[in-house]
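In what follows, a structure is listed as structure tokens, so that the remarks can point back to it.
Everything numeric in this text was worked out from a predicted model, so none of it was measured.
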Amino acid sequence: MQYDLLETYRALGELVEKFGLTRRHPALRQAAEVMLGSQAPDGDLRGIYGAQYSPNYTAGTLELLIKAGYAGDARVERSFAWLLEIRQQDGGWAVPLRTRGMNLQRLGGPTVRPDPSRPFSHLITGIVLRAFAAHPRGRRSSAARRAAGLLGGRLFEADVYPDRSDPEYWTAFSFPFWFTDLISALDSLSRVGWSADDGNVWRAMQWLASRQRPDGLFDLRMLRARDRHLPEWLALAICRVTQRFGLPLPA
């Protein structure tokens with residue numbers, strides 16, 4: 001595992017999501033070039049999982065780069081083409097090692113291709129959908145709609161793979177988004193034009209509404225909570241979701 005890439009990815013999220021930096025800023029450009037410099041011949045961004053494919057970190061990076069103004073970059077387009085090529089047959093995504101029954105500690109050795117017949121992981125599909133949802137064309141694609149249907153149908157359920165598989169992880173939150181949780185999933189679904197009338201979406205909105213405090217913030221389980229303003233960031237993310245869905249938080 002290349003921890004320098006992991007920390008650059010973390011810093012990129014802070015610069016884009018909290019400070020609104022774009023490619024016009026030299027610090028953002030430097031971070032972007034470090035991440036894009038890890039692009040493998042296949043098109044993925046490789047290194048955080050060593051020699052292994054990582055559709056989650058590839059897509060998570062793409063999401064941030066697109067928001068920073070890199071949507072038209074040829075390297076970004078290559079990574080999207082790779083994501084489409086590496087999909088499971090059901091239209092979602094999973095960590096290739098997991099589809100082969102392998103442990104994530106096996107990061108060396110030859111790169112393992114996925115078993116496409118295995119089911120999708122909502123943890124990974126939720127992260128990949130964030131990249132498509134951020135892209136002005138990608139969010140309108142059939143691939144995004146198909147993935148949205150898979151993700152929306154899995155809210156509150158256990159994942160089929162062992163990584164963060166317990167349903168409780170749907171209600172453990174971070175910002176910038178890292179894993180797949182209710183807020184990050186709703187954010188993507190709202191960006192691709194998913195209907196607020198969907199039963200699972202409405203249930204998720206009701207769950208969030210039930211945790212809103214009189215001051216407008218939310219009682220939520222927070223991960224990576226080094227930022228004392230994380231409750232405000234999460235509240236802002238929820239407000240953005242409800243605005244895109246065109247409805248208030250359910251009472």
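In terms of heavy atoms, Asp115 sits closest to Gln88 at O-NE2, 2.8 Å. The minimum heavy-atom distance linking Val201 with Leu155 is given by the pair N-CD1, 4.2 Å. When all heavy atoms of Gly43 and Ser79 are compared, the pair lying nearest together is O-OG, 2.7 Å. Between Ser141 and Gly138, the shortest heavy-atom contact is OG-O, 2.7 Å. Contact between Gly92 and Leu150 at its shortest, heavy atoms only, is N-CD1, 3.4 Å. Nearest approach of Ala172 to Leu223, heavy atoms of both residues: CB-CD1, 3.7 Å.
A side-chain donor-acceptor contact under 3.5 Å links Arg78 to the backbone of Pro41. The closest donor-acceptor contact from the side chain of Arg139 to the backbone of Val192 lies at 3.5 Å or more, if one exists at all. Judged by distance alone, the side chain of Ser188 and the main-chain N or O of Ala185 form no donor-acceptor pair under 3.5 Å. With Arg29 contributing its side chain and Arg23 its backbone, the two residues share a donor-acceptor pair below 3.5 Å. Side-chain atoms of Arg130 do not come within 3.5 Å of backbone N or O of Leu62 as any donor-acceptor pair. Formation of a donor-acceptor pair under 3.5 Å by the Tyr161 side chain with backbone atoms of Pro119 is found in this model. Distance alone, capped at 3.5 Å, places no donor-acceptor pair between the Arg145 side chain and the Arg140 backbone. Under a 3.5 Å cut-off, the side chain of Asp181 and the backbone N or O of Phe173 do not form any donor-acceptor pair.
Residues satisfying the side-chain hydrogen bond (donor to acceptor under 3.5 Å, both in side chains) test with Asp159, not counting sequence neighbours, are Ser121. Scanning for salt bridge (Lys or Arg N to Asp or Glu O under 4.0 Å) contacts around Asp42 gives Arg46, with sequence neighbours left out. Partners of Asp215 by salt bridge (Lys or Arg N to Asp or Glu O under 4.0 Å), not counting sequence neighbours, listed by chain and number: Arg213.
When the side chains of ILVMFWY residues are joined at heavy-atom separations under 4.5 Å, either directly or via intervening members, Val95 and Met102 end up in a single hydrophobic cluster. One hydrophobic cluster, built from ILVMFWY side chains closer than 4.5 Å, holds both Met35 and Leu83. A single hydrophobic cluster is seen to contain both Val76 and Leu84, as judged by linkage of ILVMFWY side chains at heavy-atom distances under 4.5 Å, directly or through other members. Leu217 is not connected to Ile183 by any chain of hydrophobic side-chain contacts under 4.5 Å among Ile, Leu, Val, Met, Phe, Trp and Tyr, and they are in different clusters. Residues Phe218 and Leu186 share a hydrophobic cluster, clusters being chains of Ile/Leu/Val/Met/Phe/Trp/Tyr side chains in contact below 4.5 Å.
Note that CG of Leu182 is 9.5 Å distant from CD1 of Ile238, once rounded to the nearest 0.5 Å. Distance check: Asp163 CG to Leu97 CG gives 10.0 Å after rounding to the nearest 0.5 Å. To the nearest 0.5 Å, atoms CG (Leu21) and CG (Leu15) are separated by 5.5 Å. If you take CG on Asp187 and CD on Glu63, they are separated by 7.5 Å, rounding to the nearest 0.5 Å. From Ser165, atom OG reaches atom CD of Glu157 across 13.0 Å, with rounding to the nearest 0.5 Å. The CZ atom of Phe177 lies 7.0 Å from the CD atom of Glu17; values are rounded to the nearest 0.5 Å.
Classified by interplanar angle (parallel below 30°, tilted 30° to 60°, perpendicular above 60°), the ring pair Tyr57/Tyr9 is perpendicular.
Between Tyr53 and Arg113 the shortest side-chain heavy-atom distance falls below 4.5 Å. In this structure, Val160 and His122 have side chains that are not in contact, with every pair of non-hydrogen atoms separated by 4.5 Å or more. Ile124 is not listed as a side-chain neighbour of Phe120, based on a closest heavy-atom distance of 4.5 Å or more. A heavy-atom distance below 4.5 Å is found between the side chains of Leu189 and Phe245.
Around CD of Gln243, the count of heavy atoms belonging to other residues, nucleotides or ligands within 6.0 Å does not exceed 12. Within a 6.0 Å sphere centred on CD of Gln30, heavy atoms belonging to other residues, nucleotides or ligands number 12 at most.
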Inset, instruction - Decide side-chain contact (heavy atoms from CB on, under 4.5 Å) for Lys18 and Phe175; before the verdict, give the C-alpha distance in whole Å, the side-chain angles of both, and the deciding distance to 0.1 Å. - result: CA-CA 9 Å; Lys18 292 184 176 179; Phe175 190 89; 4.3 Å; yes
Inset, instruction - Could you walk me through whether Arg75 and Glu33 pass the salt bridge (Lys or Arg N to Asp or Glu O under 4.0 Å) test, one step at a time? - result: CA-CA 11 Å; Arg75 294 166 293 180; Glu33 288 304 319; 2.9 Å; yes
Inset, instruction - Using the side-chain hydrogen bond (donor to acceptor under 3.5 Å, both in side chains) rule, take Thr99 and Arg118 through it: C-alpha gap first, then chi angles, then the decisive distance, then the call. - result: CA-CA 6 Å; Thr99 69; Arg118 297 283 293 141; over 6 Å; no
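Cation-pi contact between Arg203 and Trp207: absent, since separation from the ring centre below 6.0 Å together with deviation from the ring axis within 45° is not met.
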